[in-house]
*Asks:* 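Sharing a structure, written as structure tokens. Questions coming.
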Amino acid sequence: MSYALLDATRVAKAAKMSLIALGQVDAPSEAHLRRKTLVERVRALAEAATCTQGPHGNLITLTSEEFWLISKNW
């Protein structure tokens with residue numbers, strides 16, 4: 001599995017946009033609800049990371065699967 005270190009502020013914004021896109025589904029399936037829950041968790045972690053100042057700024061690590069899920073829906 002691949003990992004990437006990303007700017008937490010940008011990830012939080014992308015997750016928010018992804019949640020808006022996911023929220024436009026009329027009849028969500030169980031898989032859709034799981035995707036939405038995962039994006040909500042990533043958004044919460046990214047928003048928490050924006051409040052934390054590390055030595056290199058506000059960073060968050062995402063797996064390739066998490067990144068793909070967010071980028072596919074924004």
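Computation of the quantities below employed the complete heavy-atom set of this structure, encompassing side-chain atoms and omitting hydrogens, waters and symmetry-equivalent molecules. As the structure is a computational prediction, the values presented were derived from the model and not from experiment.
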*Asks:* Does anything in residues 7-17 form a salt bridge (Lys or Arg N to Asp or Glu O under 4.0 Å)? List the pairs, not counting sequence neighbours.
*Replies:* none
*Asks:* Hey, could you give me each pair passing salt bridge (Lys or Arg N to Asp or Glu O under 4.0 Å) that has a residue in residues 42-52? Not counting sequence neighbours.
*Replies:*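 Residue pairs passing salt bridge (Lys or Arg N to Asp or Glu O under 4.0 Å), neighbours aside: R43-E47.
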*Asks:* Under the rule for side-chain contact (heavy atoms from CB on, under 4.5 Å), what residues qualify as partners of A31, not counting sequence neighbours?
*Replies:*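 Scan of A31 (side-chain contact (heavy atoms from CB on, under 4.5 Å), adjacent residues dropped) gives S29, R34, R35.
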*Asks:* List for me each residue that meets side-chain contact (heavy atoms from CB on, under 4.5 Å) alongside S2, sequence neighbours excluded, and say none if there are none.
*Replies:* S64
*Asks:* Return the set of residues passing side-chain contact (heavy atoms from CB on, under 4.5 Å) with A46 (not counting sequence neighbours), or none when no residue passes.
*Replies:* V11, A12, I60
*Asks:* Kindly give the cluster partners of L33, where membership spreads through any ILVMFWY side chain lying under 4.5 Å from a current member.
*Replies:* none
*Asks:* Taking all non-hydrogen atoms of both residues into account, name the closest pair between I70 and A15 and its distance.
*Replies:* CG2-N, 3.9 Å
*Asks:* Could you list who else is in L5's hydrophobic cluster, with ILVMFWY side chains joined at under 4.5 Å, directly or through other members?
*Replies:* L59
*Asks:* State whether the number of non-hydrogen atoms from other residues, nucleotides or ligands found under 6.0 Å of E40 atom CD is greater than 12.
*Replies:*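 Yes, enclosed.
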*Asks:* With E66, which residues qualify under salt bridge (Lys or Arg N to Asp or Glu O under 4.0 Å), at least two apart?
*Replies:* none
*Asks:* Is there a path from L22 to W68 through hydrophobic residues (I, L, V, M, F, W, Y) whose side chains come within less than 4.5 Å of each other?
*Replies:* yes
